[in-house]
Amino acid sequence: MSDATFSIKRLAGTAPWAMCRGAGQVMFQDNVWTGVLFIIGIFVGAYMEGMPVVVWGALTGLAVSTLAGYLFKMPDADGREGLWGFNGILVGCALPTFLANTVWMWIALIVCAAMTTWVRTGMNNLLAPWRVSSFTFPFVFCTWCFLLAGREFAGMGPAHMSTPELAYTISPLECHSVLDFAEYWLKGIAQVFLINSWVTGAVFLIGLAIASWRAALWAGISSLIALVMALLWQAQGSSIIGGLYGFSAVLTGIALGATFWKPTLRNSLMAAFGVVATVFIQAAMNALLAPVGLASLTAPFCIGTWLFMLPLLAPSAPKQN
């Protein structure tokens with residue numbers, strides 16, 4: 001049997017499972033069925049919102065970034081755990097959300113998704129001495145580059161990006177019902193994948209619970225904290241309705257409360273503090289990026305989680321030549 005034949009059979013046998021795990025790894029879950037439910041949630045939410053292109057972008061980004069792991073010969077362990085695909089699926093959700101639906105956007109999506117697999121390894125190597133990972137920052141960095149490029153390339157123009165502005169008026173949320181707030185809470189979870197649907201948020205919670213009840217609990221708590229903070233500090237009403245203050249907080253909560261720290265009272269309080277800090281970081285980044293009309297994506301989660309993990313981790317000694 002030739003090496004090429006073996007590689008093709010190996011790819012066909014392992015890639016589908018790696019892709020499902022990759023979808024789950026966006027919220028730190030190495031579970032095939034969690035990934036399947038996440039994909040179903042994206043499908044339902046995107047079609048409900050009249051944005052079916054996001055579904056196909058997500059699947060394309062997931063497939064391309066996973067395939068890139070095989071082609072670039074990234075560590076097999078990462079592939080088995082789905083760690084090649086989670087940045088790629090987010091790229092696939094983001095580019096069709098913000099850029100014009102053209103053939104050039106799709107080519108850019110393929111390039112960007114493939115890049116995240118390579119960039120993730122490089123960023124992890126850079127962060128290794130501090131014993132933290134790059135999380136979703138490869139997605140953030142690569143997507144920022146391509147979204148900004150969209151302002152220069154008419155072939156994939158910024159059709160759905162915010163208008164750059166130096167100052168903007170805040171319109172706080174008016175009175176809404178308890179059911180409305182429940183929807184905003186669930187949307188905060190759905191927006192991890194840039195989906196504006198409470199149904200998707202509910203599906204995501206079920207997917208999390210299959211893999212880890214603690215992760216599902218922290219997702220719910222974190223989205224609730226973000227919603228309450230946005231209401232108390234009178235954030236932009238449209239952002240509250242869309243759950244846009246929840247998604248980075250949700251990822252921070254799952255990371256600190258259910259993934260990297262042991263479940264002690266002290267760590268739980270620190271995780272909740274990390275969620276609160278992430279909401280403020282997101283507000284600051286929203287204001288910082290408004291002049292270029294760029295979304296903060298999951299950068300507030302990455303920054304917030306790094307800031308809370310780094311004080312507890314002593315840097316490892318550099319390797320000797």
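This is a predicted model, so every value here is computed, not measured. Any value given below was found using the heavy atoms of this structure, including those in side chains, with hydrogens, waters and symmetry copies removed.
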Peer 1: When you check the side-chain N and O atoms of Asp180 and Ser177, is any donor under 3.5 Å from an acceptor?
Peer 2: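 The answer is yes; a qualifying pair exists.
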
Peer 1: Is the number of heavy atoms from other residues, nucleotides or ligands within 6.0 Å of CZ (Phe273) greater than 12?
Peer 2: no

Peer 1: May I ask whether Met115 and Ile110 are part of the same hydrophobic cluster, defined by side-chain heavy atoms of I, L, V, M, F, W, Y residues being less than 4.5 angstrom apart, directly or through others?
Peer 2: no

Peer 1: To the nearest 0.5 Å, what is the distance between CG (Leu289) and CG (Leu294)?
Peer 2: 5.0 Å

Peer 1: Give a yes or no on this: more than 12 heavy atoms of other residues, nucleotides or ligands lie within 6.0 Å of atom CH2 of Trp104.
Peer 2: no

Peer 1: For the pair Thr200 (side chain) and Gly41 (backbone), establish whether a donor and an acceptor sit closer than 3.5 Å, ignoring hydrogens and angles.
Peer 2: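 At least one qualifying donor-acceptor pair exists.
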
Peer 1: Between Phe193 and Phe204, does the ring centre distance come in under 6.0 Å?
Peer 2: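 Phe193 vs Phe204: aromatic centres under 6.0 Å.
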
Peer 1: Using the rule given for ring pair (Phe, Tyr, Trp, His ring centres under 6.0 Å), can you reason through Trp84 versus Phe72, listing the C-alpha separation, both sets of side-chain angles and the distance that settles it, and then say yes or no?
Peer 2: CA-CA 11 Å; Trp84 296 336; Phe72 296 159; 9.7 Å; no

Peer 1: Is Val203 close to Val44 at the side-chain level, that is, under 4.5 Å between some pair of heavy atoms?
Peer 2: no

Peer 1: Can a side-chain donor-acceptor contact be found between Thr278 and Ser248 if the only test is distance below 3.5 angstrom?
Peer 2: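 Short answer, no.
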
Peer 1: Take a 6.0 Å sphere around CH2 of Trp118 and say whether it holds more than 12 heavy atoms from other residues, nucleotides or ligands.
Peer 2: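 No - once you tally the heavy atoms of other residues, nucleotides and ligands closer than 6.0 Å, there are 12 at most.
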
Peer 1: Taking the side chain as everything from C-beta on, heavy atoms only, tell me whether Gln282 gets closer than 4.5 Å to Phe247.
Peer 2: yes

Peer 1: Please give me the minimum heavy-atom distance between Leu99 and His160, naming the atom from each residue.
Peer 2: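 Smallest heavy-atom distance, with atoms named: O-CD2, 3.8 Å.
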
Peer 1: For the side chain of Thr34 and the backbone of Gly207, is there at least one donor-acceptor N/O pair under 3.5 Å apart?
Peer 2: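 Yes, the answer is positive, given that a donor and an acceptor are paired below the 3.5 Å cut-off.
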
Peer 1: Please round to the nearest 0.5 Å and tell me the distance separating atom SG of Cys142 and atom CG of Leu95.
Peer 2: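 Reported value, rounded in 0.5 Å steps: 10.5 Å.
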
Peer 1: Dump the intermediate steps for side-chain contact (heavy atoms from CB on, under 4.5 Å) on Thr143 and Leu297, then the final yes or no.
Peer 2: CA-CA 9 Å; Thr143 301; Leu297 304 177; 3.7 Å; yes

Peer 1: Just checking Tyr184 against Trp198, ring centres under 6.0 Å apart?
Peer 2: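 Not close enough - the centres of the two rings lie 6.0 Å or further apart.
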
Peer 1: Does atom CD of Gln234 have more than 12 heavy-atom neighbours, drawn from other residues, nucleotides or ligands, at distances under 6.0 Å?
Peer 2: no

Peer 1: What I'd like to find out is whether the side chain of Met105 reaches to under 4.5 Å of the side chain of Thr102, using heavy atoms alone.
Peer 2: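 The answer is yes; the side chains approach within 4.5 Å.
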
Peer 1: Taking all heavy atoms of Val275 and all of Thr252, pick out the closest pair and write down the distance.
Peer 2: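 Scanning both residues completely, I find the closest heavy atoms to be N-CG2, 4.1 Å.
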
Peer 1: Would a line drawn from the ring center of Phe260 to the ring center of Phe135 be shorter than 6.0 Å?
Peer 2: yes

Peer 1: Quick check against the 3.5 Å criterion: does Gln25 have a side-chain atom that pairs as donor or acceptor with the backbone of Leu83?
Peer 2: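 No: the side chain of Gln25 does not pair with the backbone of Leu83.
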
Peer 1: Closer than 3.5 angstrom, by distance alone: can the side chain of Asn267 be matched with the main-chain N or O of Lys262 as a donor-acceptor pair?
Peer 2: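 Flag set: sc Asn267 to bb Lys262 pair under 3.5 Å.
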
Peer 1: Taking all heavy atoms of Cys302 and all of Thr136, pick out the closest pair and write down the distance.
Peer 2: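 For Cys302 versus Thr136, the nearest heavy atoms are SG-OG1, 3.4 Å.
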
Peer 1: Do the side chains of Met27 and Val192 get nearer than 4.5 Å, heavy atoms only?
Peer 2: yes

Peer 1: Do Leu251 and Thr298 have side-chain heavy atoms sitting under 4.5 Å apart?
Peer 2: yes

Peer 1: Against Arg21, only a single residue in Asn31, Thr66, Asp30 fulfils side-chain hydrogen bond (donor to acceptor under 3.5 Å, both in side chains); can you say which?
Peer 2: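 In the set Asn31, Thr66, Asp30, the residue that makes a side-chain hydrogen bond (donor to acceptor under 3.5 Å, both in side chains) with Arg21 is Asp30.
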
Peer 1: Measure from the ring center of Phe86 to the ring center of Phe28 and say whether it is less than 6.0 Å.
Peer 2: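 So the answer is no for these two rings.
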
Peer 1: Hey, quick one: are Leu288 and Leu147 part of the same hydrophobic cluster, counting side-chain heavy atoms closer than 4.5 Å, chains of contacts allowed?
Peer 2: no

Peer 1: Please determine whether residues Trp213 and Ile254 belong to a single hydrophobic cluster, defined as Ile, Leu, Val, Met, Phe, Trp and Tyr linked transitively by side-chain heavy-atom distances below 4.5 Å.
Peer 2: yes

Peer 1: For the CE atom of Met161 and the CG atom of Leu148, what is their distance to the nearest 0.5 Å?
Peer 2: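 Rounded to the nearest 0.5 Å, the CE-CG separation comes to 6.0 Å.
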
Peer 1: Is any side-chain heavy atom of Met51 closer than 4.5 Å to a side-chain heavy atom of Pro96?
Peer 2: no

Peer 1: Flag yes if Ile42 and Val64 sit in one hydrophobic cluster, no otherwise; membership is Ile, Leu, Val, Met, Phe, Trp, Tyr, and two members link when side-chain heavy atoms are under 4.5 Å apart.
Peer 2: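 No; Val64 is not reachable from Ile42 via cluster members.
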
Peer 1: Between Asn286 and Ser296, do the side chains contain an N or O donor and an N or O acceptor separated by less than 3.5 Å?
Peer 2: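 A donor-acceptor contact under 3.5 Å links the two side chains.
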
Peer 1: For the pair Trp106 (side chain) and Asn101 (backbone), establish whether a donor and an acceptor sit closer than 3.5 Å, ignoring hydrogens and angles.
Peer 2: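 No: the side chain of Trp106 does not pair with the backbone of Asn101.
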
Peer 1: Report the C-alpha separation of Val53 and Trp56 in whole Å, then their side-chain angles, then the decisive distance to 0.1 Å, and conclude whether the side-chain contact (heavy atoms from CB on, under 4.5 Å) test is met.
Peer 2: CA-CA 5 Å; Val53 65; Trp56 306 113; 5.6 Å; no

Peer 1: Answer whether the closest heavy-atom distance between the side chains of Asn124 and Ser133 falls below 4.5 Å.
Peer 2: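 Contact flag for Asn124/Ser133 side chains = yes.
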
Peer 1: To check you understand the geometry: which heavy-atom pair defines the closest contact between Met48 and Ser197, and what is its length?
Peer 2: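 In terms of heavy atoms, the two residues are closest at SD-OG, 4.1 Å.
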
Peer 1: Quick check: closest heavy atoms across Gly246 and Ala226, and the distance to 0.1 Å?
Peer 2: CA-CB, 3.9 Å

Peer 1: Determine yes or no for a side-chain-to-main-chain donor-acceptor pair under 3.5 angstrom, with Ser222 supplying the side chain and Ala219 the backbone.
Peer 2: no

Peer 1: Can you tell me how far the CG atom of Leu37 sits from the CG atom of Leu208, to the nearest 0.5 Å?
Peer 2: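 Atom-to-atom, Leu37:CG and Leu208:CG are 9.5 Å apart.
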
Peer 1: What I'd like to find out is whether the side chain of Leu227 reaches to under 4.5 Å of the side chain of Tyr245, using heavy atoms alone.
Peer 2: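 The answer is no, as the side chains (C-beta and beyond) never meet within the 4.5 Å cut-off.
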
Peer 1: Is a side-chain donor or acceptor of Glu49 paired with a backbone partner of Ile195 at a separation under 3.5 angstrom?
Peer 2: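 No, because the side chain of Glu49 does not come within donor-acceptor range (under 3.5 Å) of the backbone of Ile195.
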
Peer 1: Minimum heavy-atom separation for Ala18 to Tyr70, with atom names?
Peer 2: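 Where Ala18 meets Tyr70 most closely, the heavy atoms are CB-OH, 4.4 Å.
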
Peer 1: In sequence, state the C-alpha distance, the side-chain angles, and the governing distance for Val111 and Phe146, and then conclude on side-chain contact (heavy atoms from CB on, under 4.5 Å).
Peer 2: CA-CA 10 Å; Val111 174; Phe146 280 76; 3.9 Å; yes

Peer 1: To the nearest 0.5 Å, how far apart are CG in Leu71 and OG1 in Thr117?
Peer 2: 9.5 Å

Peer 1: CD of Gln236 to CD1 of Ile241: how many Å apart, nearest 0.5 Å?
Peer 2: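 With rounding to 0.5 Å, CD (Gln236) is 9.5 Å from CD1 (Ile241).
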
Peer 1: Indicate if Trp185 and Leu232 have the same hydrophobic cluster label, given that clusters are the connected sets of ILVMFWY residues with side-chain heavy-atom separations under 4.5 angstrom.
Peer 2: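 Yes, Trp185 and Leu232 fall within the same hydrophobic cluster.
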
Peer 1: Determine, step by step, whether Leu127 and Trp306 satisfy the side-chain contact (heavy atoms from CB on, under 4.5 Å) criterion, reporting the C-alpha distance in whole Å, the side-chain angles of both residues, the deciding distance to 0.1 Å, and the verdict.
Peer 2: CA-CA 10 Å; Leu127 293 169; Trp306 285 332; 4.0 Å; yes

Peer 1: Is it true that a side-chain atom of Ser65 and a backbone atom of Leu62 form a donor plus acceptor pair closer than 3.5 Å?
Peer 2: yes

Peer 1: Could you tell me whether a side-chain N or O of Glu152 sits under 3.5 Å from a main-chain N or O of Gly157, the two making a donor and an acceptor?
Peer 2: no

